[in-house]
Structure formats: structure tokens, C-alpha cells
S.K.: 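What follows is a structure written as C-alpha cells; I'll ask about it next.
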Amino acid sequence: MTTRAAAAGEGRNARVWAVVSCIPRGRVATYRQVAQLAGIEGPSGARQVGYALAALDAGSEVPWHRVINVRGEVSPRARAGRENEQYERLALEGVDCDARGRIDLARYEWDYGGA
DNA sequence: AGCGTGACGCAGG
DNA sequence: ACCTGCGCCACGC
């Protein structure tokens, strides 16, 4: 599963995790946004972020649940069950989604420039 | 040194 | 608004 990526040796994934850790509670950021803040520019930057989060270790202090896709949805993962956890964690922070499982980005998207 | 794994975003229809 | 195809990089074995 290629997890536990660079637990000690920090590479690009650590960069992503650092950015995600900066997302305020009650806010969400898109993969694309995290990629940009992490300095990963490119058409597939968001994917690189997804890879980095996928490599995150369970029990990590990184608020990975605050990262969603541009549609305002939780990206479907390989392992079923975790997806629900993400929505649950967000709900605990006051981030709700509609019946379709979509989060209002206009309302919850992290505005790093306004803080 | 090479292959498989893995949480996306955009353009086009 | 929805669906489909394509591009992409880091890490473990």
C-alpha cells in the first residue's frame, strides 16, 4: 500500500502535510489549493497532494479530513469506511454537507489570505 | 533500477 | 449539470 511514506525522511509529502496542518478548524481546503500553497504547481498538483495524504499514517495529527476536492465532496478512497469518518470529523467542526454529500465551498473554503 | 500503488483537476462532449 | 479520458509524481519493495 505504499503507506508510511518517509516517516523519518521528509520529502515532498511532508511539505503537503505541513500545509494541511495550517488549515483552521471549521474550514476546508481543496487538493488544488493545498498543492498551490505547498508550492506544487502544475496541472496534476492536486493529485500529488492526494498521493501525499494517502501516504499519511493513521493516527497522524494532520487534519487530513479538511482536504476535499473542488466539487466540495470527500474524494472516494480505496478503503471504504474512512470516507464516512471524514464527513463525521468535519461535522464535528461545524462543516456540514447537503443531502448529496456536498460541502459549500463558498462558505467553508479556507481563506488563507483573510486570516 | 524498475514496477505498482494512490485522497485529483481540467477539457471536451 | 453529468460523465469520460488524460496527465502526473513520490514512496516502498
Side-chain angles (χ1 to χ4, degrees):
Chain A
M1 187 187 337
T2 75
T3 46
R4 308 177 184 83
E10 306 190 358
R12 181 156 240 186
N13 289 6
R15 182 87 188 188
V16 173
W17 303 337
V19 172
V20 175
S21 297
C22 291
I23 304 174
R25 184 172 171 286
R27 295 286 186 202
V28 295
T30 63
Y31 290 91
R32 196 74 183 91
Q33 186 167 10
V34 172
Q36 192 175 318
L37 291 173
I40 306 174
E41 295 181 30
S44 60
R47 191 143 197 177
Q48 314 317 319
V49 173
Y51 295 152
L53 291 184
L56 252 182
D57 189 41
S60 171
E61 296 177 27
V62 178
W64 51 269
H65 56 280
R66 294 177 189 154
V67 184
I68 60 180
N69 58 34
V70 292
R71 297 162 142 184
E73 304 179 303
V74 170
S75 294
R77 347 149 272 117
R79 311 279 188 210
R82 295 299 178 192
E83 179 183 296
N84 181 39
E85 182 184 341
Q86 183 164 1
Y87 276 115
E88 188 176 332
R89 285 193 174 203
L90 289 173
L92 263 55
E93 298 185 355
V95 179
D96 299 309
C97 61
D98 58 22
R100 290 177 296 189
R102 288 188 186 168
I103 294 166
D104 186 356
L105 285 177
R107 175 175 166 169
Y108 298 109
E109 187 174 37
W110 176 33
D111 180 10
Y112 53 97

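Protein chains get the first letters and strands the later ones, always in sequence-line order, with residue 1 at the start of each. No hydrogens, no waters, no symmetry mates; every other heavy atom, side chains included, goes into these values.
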S.K.: Output one line per pair: protein atom, nucleotide atom from nucleotides 2-6 of chain C, and distance, for all N/O pairs under 3.5 Å.
M.R.:
residue : atom : partner : partner atom : Å
C/dC2   : OP1  : A/R102  : NH2          : 2.8
C/dC2   : OP2  : A/R102  : NH2          : 3.2

S.K.: Quickly work out the A/I68 CD1 to B/dC8 P distance and round it to whole Å.
M.R.: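 That distance rounds to 13 Å.
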S.K.: In this structure, which one of A/I23, A/L105, A/D104 forms a side-chain contact (heavy atoms from CB on, under 4.5 Å) with A/V28?
M.R.: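 So the option named by the test is A/L105.
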S.K.: Counting only side-chain heavy atoms from C-beta out, which of B/dG6, C/dA10, C/dG7 sits nearest to A/N13?
M.R.: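 Among B/dG6, C/dA10, C/dG7, the one nearest the side chain of A/N13 is C/dA10.
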S.K.: Of the candidate nucleotides C/dC11, B/dC8, C/dC9, which contains the atom at the shortest distance from the side chain of A/S75?
M.R.: B/dC8
S.K.: Restricting to side chain to side chain donor-acceptor pair (under 3.5 Å), what partner residues turn up for A/E73, sequence neighbours left out?
M.R.: none
S.K.: Could you give the CD-to-C1' distance, from A/Q48 to B/dT5, as a whole number of Å?
M.R.: 13 Å
S.K.: Figure out the CD/P separation between A/E73 and C/dA1, and round it to whole Å.
M.R.: 12 Å
S.K.: Rounded to whole Å, please give me the gap between CH2 in A/W17 and P in B/dG6.
M.R.: 16 Å
S.K.: In whole Å, what is the span from the CZ atom of A/R15 to the C1' atom of C/dC9?
M.R.: 16 Å
S.K.: So, does the side chain of A/Y51 form a donor-acceptor pair with the base of C/dC11 at under 3.5 Å?
M.R.: no
S.K.: Could you state the atom-to-atom distance from CG of A/L56 to C1' of B/dG6 in whole Å?
M.R.: 13 Å
S.K.: Any protein N or O atoms within reach of nucleotides 11-13 of chain B? Criterion: under 3.5 Å, listing atom names and distances.
M.R.:
none

S.K.: Below the 4.0 Å mark, does B/dG9 have OP1 or OP2 next to a side-chain nitrogen or oxygen of A/R32?
M.R.: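 No, no such contact exists.
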S.K.: Could you state the atom-to-atom distance from CD of A/E83 to C1' of B/dG6 in whole Å?
M.R.: 16 Å
S.K.: Where is the tightest heavy-atom contact between A/L90 and A/R66, given as atom of each residue plus distance?
M.R.: CD2-CA, 4.1 Å
S.K.: Sequence neighbours left out, what passes side chain to side chain donor-acceptor pair (under 3.5 Å) with A/R89? Give chain and number order.
M.R.: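 For A/R89 the side chain to side chain donor-acceptor pair (under 3.5 Å) partners, ignoring immediate neighbours, are A/H65, A/E85.
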S.K.: List, one per line, each side-chain donor-acceptor pair under 3.5 Å for residues 32-43 of chain A, sequence neighbours excluded.
M.R.:
residue : atom : partner : partner atom : Å
A/R32   : NH2  : A/G42   : O            : 2.8
A/Q33   : NE2  : A/W110  : O            : 3.0

S.K.: In this structure, which one of A/T30, A/V20, A/V74 forms a side-chain contact (heavy atoms from CB on, under 4.5 Å) with A/V67?
M.R.: A/V20
S.K.: For the side chain of A/S44, starting at C-beta, report the closest nucleotide among C/dC9, B/dC8, C/dC8.
M.R.: C/dC8
S.K.: List the residues meeting side chain to side chain donor-acceptor pair (under 3.5 Å) with A/Y31, not counting sequence neighbours, and say none if there are none.
M.R.: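 For A/Y31 there are no side chain to side chain donor-acceptor pair (under 3.5 Å) partners, ignoring immediate neighbours.
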S.K.: Is A/E61 close to A/S21 at the side-chain level, that is, under 4.5 Å between some pair of heavy atoms?
M.R.: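 Result no, sub-4.5 Å side-chain heavy-atom pair not found.
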S.K.: Please check if the side chain of A/W17 supplies one atom and the backbone of A/A52 the other of a donor-acceptor pair under 3.5 Å.
M.R.: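 It does hold such a pair.
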S.K.: Between C/dA10, C/dC8, B/dC8, spot the one nearest the side chain of A/Y31, thanks.
M.R.: B/dC8
S.K.: Please report, rounded to the nearest Å, how far the P atom of B/dC10 is from the CD atom of A/Q33.
M.R.: 12 Å
